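Reading through the structure tokens given below for one structure.
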Amino acid sequence: MDYKTAGVDIEAGNAFVEKIKKIVPTIGGFNGMMKVPSGYEKPVLVSGTDGVGTKLHIAQLKNNHPAHKGVGIDLVAMCVNDVITCGAKPLYFLDYIATGKLDSLVLEAVIEGIVEGCNQSGMDLLGGETAEMPRMYDDGKYDLAGFCTGIVEEFDVVDGSLIKPGDKVIGIESSGLHSNGFSLINKLTNDLYYNNLLMWDRRDGIDEYKDFFDLHPIEEVLTPTTIYAPLIQHLLDEVPVLGMSHITGGGLPENLPRCLPEGLTFDVDYSAWERPEIFKNISKHGNVSEDEMRNVFNLGIGFCLVVPEDVVADTQCLIADTPHGMRSWVIGEVK
């Protein structure tokens, strides 16, 4: 016996590292290093970790370069959007990839997505780990985890302590599903297939999902999560931001209160924005209750700000004046 016949190809792993060194020349050692940037009086390091969840299942069924690159962007977004909620500026990122059998073309696309996400966030990809784990994962399957660190002045930390009744909640649009609720979507798409008891020609390896993807193409479902870091850094320089929430699993009901001091709550108006069609169809075809939809999905709101009422108009103008022209709505008030 040897390691290769046991399912781990060390030579292929080394070759993969050499390939991604062309994309990220600084990686390859036992660790990554970065000096704390100068100019800070009382710097605080802020860290977060996350994954992409079962969105990976659909990306791996689609199995093309955009799908794999997209979940690489998702991985960065899910981590960095958490870290920036306290006002931190992203510094660096680390990734962990576990797979049953190393496919360099697939994982190279994932790394390209991670690099693009880091570039969008203004931070470095400092290193990572690729683990080939036969028997733990089937061939063609992989899982991702990411780790992000940012920095903020101690006296500039946005912790919600200045929020008061009457302050407004601004919701910033999502790019769609982002990376939450996909376990429900995977069940929905399978149920649609089995309920119809029809056989379809294979299409992209996901024939059983035909009904749902006729309504919403797989490219829409796999749209990468928006990275809000550049926008938030710009807003922090221009307006008083009192609190921030990244709307992920748990939706608005779970994530929005996390930035509030004790004794305060939010009154959210769910009619304040037009809900994207994909959420309407998940609810309709999956017979998902409104409460469940609110507690699982972002429903079109990917990130929230709490600001004083007198800066709402200025804040929304700044959000609209981004390179991509993001939309925003006043969706609630602090009570």
Side-chain angles (χ1 to χ4, degrees), residues 16 19-20 23-24 27 48-83 90 93-121 123 125 127-133 136-148 174-189 204-206 209 212-213 216-229 246-249 278 296-298 302-303:
F16 175 65
K19 287 184 74 172
I20 61 176
I23 306 172
V24 192
I27 67 170
T49 182
D50 211 335
V52 182
T54 54
K55 186 175 187 176
L56 289 171
H57 176 61
I58 296 178
Q60 290 165 31
L61 286 171
K62 180 65 175 175
N63 195 28
N64 66 9
H65 187 275
H68 298 304
K69 181 177 179 180
V71 292
I73 297 172
D74 282 312
L75 182 65
V76 177
M78 293 302 290
C79 297
V80 76
N81 287 343
D82 280 352
V83 165
F93 190 81
L94 300 164
D95 67 80
Y96 173 79
I97 304 173
T99 184
K101 184 175 178 58
L102 196 151
D103 185 325
S104 62
L105 290 178
V106 168
L107 299 188
E108 192 173 353
V110 173
I111 295 292
E112 285 181 19
I114 292 171
V115 171
E116 181 171 325
C118 288
N119 290 339
Q120 289 182 30
S121 306
M123 63 179 173
L125 176 57
E129 166 72 2
T130 303
E132 196 171 21
M133 302 170 66
M136 287 292 293
Y137 298 92
D138 293 337
D139 290 355
K141 299 293 184 181
Y142 61 85
D143 196 10
L144 303 176
F147 313 87
C148 174
S174 68
S175 56
L177 295 168
H178 282 186
S179 297
N180 297 102
F182 276 85
S183 293
L184 191 152
I185 292 166
N186 280 307
K187 175 171 171 45
L188 164 67
T189 49
D204 298 325
I206 47 174
Y209 296 168
F212 187 73
F213 291 134
H216 300 283
I218 193 168
E219 289 78 13
E220 177 188 355
V221 174
L222 290 176
T223 300
T225 304
T226 300
I227 291 174
Y228 296 97
H246 179 203
I247 309 306
T248 57
I278 193 166
V296 172
F297 298 101
N298 67 61
F303 201 90

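Keep in mind it's a predicted model, so treat the numbers as computed, not measured. All heavy atoms count here, side chains included; hydrogens, waters and symmetry mates do not.
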At what distance, to the nearest 0.5 angstrom, does [atom1] of [X] lie from [atom2] of [Y]?
{"X": "His57", "Y": "Asn186", "atom1": "NE2", "atom2": "CG", "answer": "4.5 Å"}
{"X": "Leu61", "Y": "Asn64", "atom1": "CG", "atom2": "CG", "answer": "11.5 Å"}
{"X": "Thr248", "Y": "Asn81", "atom1": "OG1", "atom2": "CG", "answer": "9.5 Å"}
{"X": "Lys55", "Y": "Leu144", "atom1": "NZ", "atom2": "CG", "answer": "11.5 Å"}

List for me each residue that meets side chain to side chain contact (heavy atoms under 4.5 Å, CB included) alongside [X], sequence neighbours excluded, and say none if there are none.
{"X": "Asp95", "result": "Leu75, Phe93, Ile97, Ile111, Ile114, Leu125"}
{"X": "Ala59", "result": "Ala67, Val71, Leu222"}
{"X": "Pro217", "result": "Glu219, Glu220"}

_Residues forming a ring-ring contact (aromatic ring centres under 6.0 Å, His included) with Phe182, sequence neighbours excluded_ =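 Phe182 satisfies ring-ring contact (aromatic ring centres under 6.0 Å, His included) with no other residue.
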*Output every pair passing ring-ring contact (aromatic ring centres under 6.0 Å, His included) with a member in residues 64-83, not counting sequence neighbours, ordered by first then second residue.*
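Output for this query lists His68-Tyr142.
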Write down the atom of [X], the atom of [Y], and the distance for their closest heavy-atom approach.
{"X": "Ile227", "Y": "Ala77", "value": "CG1-CB, 3.5 Å"}
{"X": "Gly140", "Y": "Gln60", "value": "O-OE1, 3.6 Å"}
{"X": "Val76", "Y": "Ser121", "value": "CG1-OG, 3.8 Å"}
{"X": "Thr49", "Y": "Gly146", "value": "OG1-O, 2.8 Å"}
{"X": "Tyr228", "Y": "Gly302", "value": "OH-CA, 3.3 Å"}
{"X": "Ser179", "Y": "Met78", "value": "CB-SD, 3.6 Å"}

_I'd like to know if the side chain of Thr99 and the backbone of Glu132 have a donor-acceptor N/O pair within less than 3.5 Å._
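No, the answer is negative, given that no donor and acceptor are paired below the 3.5 Å cut-off.
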*Do Thr223 and Leu177 have side-chain heavy atoms sitting under 4.5 Å apart?*
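A side-chain contact is absent here, since even the closest heavy-atom pair is not under 4.5 Å.
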*Side chains of Asn180 and Thr225: closer than 4.5 Å at any heavy-atom pair?*
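Heavy-atom side-chain distance check fails, nothing below 4.5 Å.
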How would you list, by chain and number, every residue that makes a side chain to side chain donor-acceptor pair (under 3.5 Å) with [X], sequence neighbours excluded?
{"X": "Ser175", "answer": "His178, Thr226"}
{"X": "Asn298", "answer": "Ser174"}
{"X": "Ser183", "answer": "Thr54"}
{"X": "Asp103", "answer": "none"}

*Identify, with sequence neighbours excluded, every residue that meets salt bridge (Lys or Arg N to Asp or Glu O under 4.0 Å) alongside Glu108.*
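Partners of Glu108 by the salt bridge (Lys or Arg N to Asp or Glu O under 4.0 Å) criterion, ordered by chain and then number, come out as Lys19.
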